[in-house]
Amino acid sequence: RDTTAVFVASTIPTEEIKWWNSLLSARVKRIIDIHDCEDDSVVNVAGIVGMLSSETKRVKSETKDLMTMRLTDRTGWVDVRSWNHSESEFSAFLEKPLLLQRVRVTSFAGLKICELIDGNGWWHIGCLDSWS
């Protein structure tokens with residue numbers, strides 16, 4: 001919530017840019033596999049959006065909204081959080097399959113969660129045409 005990262009535009013394909021772009025084609029993880037990932041891993045995950053909620057938090061004397069989306073599949077559930085997105089951005093996906101690409105895995109209160117990495121081009125959403 002307090003960290004900002006910036007990629008400088010470059011015409012030279014650096015190792016970081018190659019790695020970042022390769023994440024888009026990485027295998028989509030089942031939700032149960034997210035719980036075995038190391039913190040700070042960047043992964044692709046798919047599931048059905050089962051719940052959306054927001055709560056207001058006080059962060060460094062500033063009021064911020066924390067959006068939480070629960071993704072479910074036949075293996076379990078995982079919460080996906082964002083400090084910079086709202087429920088309305090995801091309401092069209094409620095009770096539908098959703099693919100989130102390049103999300104960060106972390107832990108909160110002993111549970112694995114995913115965080116949307118903020119900024120233009122940092123994460124992608126895709127609807128799943130078929131569920132496998």
Side-chain angles (χ1 to χ4, degrees):
R1 71 178 179 236
D2 298 323
T3 303
T4 302
V6 177
F7 278 105
V8 178
S10 172
T11 57
I12 301 168
T14 65
E15 290 303 311
E16 291 83 5
I17 291 171
K18 289 177 189 176
W19 168 78
W20 187 247
N21 289 332
S22 74
L23 292 173
L24 288 174
S25 60
R27 185 175 158 263
V28 176
K29 294 200 176 281
R30 297 176 307 163
I31 290 174
I32 197 168
D33 298 328
I34 296 296
H35 297 283
D36 292 331
C37 289
E38 295 288 325
D39 282 0
D40 295 325
S41 299
V42 179
V43 300
N44 300 330
V45 63
I48 295 176
V49 179
M51 178 196 73
L52 292 168
S53 65
S54 293
E55 57 185 307
T56 303
K57 301 277 190 177
R58 196 86 171 141
V59 179
K60 293 186 178 179
S61 71
E62 183 182 334
T63 301
K64 289 186 138 190
D65 289 329
L66 176 62
M67 186 274 302
T68 302
M69 170 176 31
R70 179 156 293 171
L71 282 183
T72 63
D73 70 10
R74 68 185 119 215
T75 67
W77 59 268
V78 68
D79 286 338
V80 180
R81 296 184 178 177
S82 176
W83 290 97
N84 296 309
H85 297 89
S86 67
E87 285 181 61
S88 63
E89 292 176 73
F90 295 95
S91 61
F93 298 103
L94 195 58
E95 298 184 14
K96 295 180 183 169
L98 180 69
L99 168 64
L100 294 173
Q101 295 177 287
R102 298 192 297 206
V103 296
R104 177 179 172 258
V105 176
T106 190
S107 297
F108 179 76
L111 295 174
K112 291 290 184 177
I113 63 169
C114 294
E115 293 180 335
L116 295 179
I117 302 174
D118 302 311
N120 187 22
W122 284 82
W123 60 277
H124 288 50
I125 305 177
C127 278
L128 298 177
D129 293 329
S130 64
W131 190 257
S132 56

Open item on the list: Hydrophobic cluster membership, with links at side-chain heavy-atom distances under 4.5 Å among I/L/V/M/F/W/Y: are M67 and M51 in one?
Closed with: no
Open item on the list: For K112 versus D39, what's the shortest heavy-atom pair and its separation?
Closed with: NZ-OD1, 2.7 Å
TODO: Taking all non-hydrogen atoms of both residues into account, name the closest pair between F93 and V49 and its distance.
DONE: O-CB, 3.4 Å
TODO: Could you pull out all residues at least two apart from E95 that satisfy side chain to side chain contact (heavy atoms under 4.5 Å, CB included)?
DONE: none
TODO: Considering only Ile, Leu, Val, Met, Phe, Trp and Tyr, and joining two whenever side-chain heavy atoms are under 4.5 Å apart, list the other residues clustered with F108.
DONE: I113
Open item on the list: Restricting to non-hydrogen atoms, name the atom on D73 and the atom on A46 that form the minimum distance, rounded to 0.1 Å.
Closed with: OD2-O, 4.1 Å
Under 3.5 Å, sequence neighbours excluded: what are the donor-acceptor pairs made by side chains of residues 28-35?
residue: R30; atom: NE; partner: D33; partner atom: OD2; Å: 3.2
residue: R30; atom: NH2; partner: D33; partner atom: OD1; Å: 3.3
residue: H35; atom: NE2; partner: W77; partner atom: O; Å: 3.1

TODO: Just jot down the side chain to side chain contact (heavy atoms under 4.5 Å, CB included) partners of S88, sequence neighbours excluded, or say none.
DONE: S86
- [ ] Kindly state each residue pair satisfying salt bridge (Lys or Arg N to Asp or Glu O under 4.0 Å) with at least one member in residues 40-52, sequence neighbours excluded.
- [x] D40-R104
Task: Residues forming a salt bridge (Lys or Arg N to Asp or Glu O under 4.0 Å) with E55, sequence neighbours excluded - done: K57
Task: Heavy-atom check, side chain of I48 versus side chain of L98, under 4.5 Å - done: no
Open item on the list: A side-chain contact here means heavy atoms from C-beta on lying under 4.5 Å apart; do N21 and R102 qualify?
Closed with: yes
Task: Spacing of M69 atom CE and L116 atom CG [to the nearest 0.5 Å] - done: 5.5 Å
- [ ] Could I get the full list of side chain to side chain donor-acceptor pair (under 3.5 Å) partners for S91, not counting sequence neighbours?
- [x] none
TODO: Only counting residues at least two apart or in another chain, list the ones meeting side chain to side chain contact (heavy atoms under 4.5 Å, CB included) with D36.
DONE: none
Open item on the list: Using the side chain to side chain donor-acceptor pair (under 3.5 Å) criterion, which residues pair with R27? Sequence neighbours excluded.
Closed with: none
TODO: For E62, check side chain to side chain donor-acceptor pair (under 3.5 Å) against everything at least two apart and list the hits.
DONE: none
TODO: Apply side chain to side chain contact (heavy atoms under 4.5 Å, CB included) to T68 and list each qualifying residue two or more places apart in sequence or on a separate chain.
DONE: S53, L66, D79, R81
Task: Rounded distance (nearest 0.5 Å) linking atom OG of S54 with atom NE2 of H85 - done: 12.0 Å
Task: Sequence-distant partners of S22, side chain to side chain donor-acceptor pair (under 3.5 Å), two or more places apart - done: none
- [ ] Specify the closest pair of heavy atoms between C37 and V105, including all atoms of both residues, with the distance to one decimal.
- [x] CB-CG1, 4.0 Å
- [ ] Can you see which heavy atom on L71 is nearest to which on V80, and at what distance?
- [x] CD1-CG2, 4.0 Å
Open item on the list: Between N44 (side chain only) and L23 (backbone N and O only), is there a donor and an acceptor less than 3.5 Å apart?
Closed with: yes
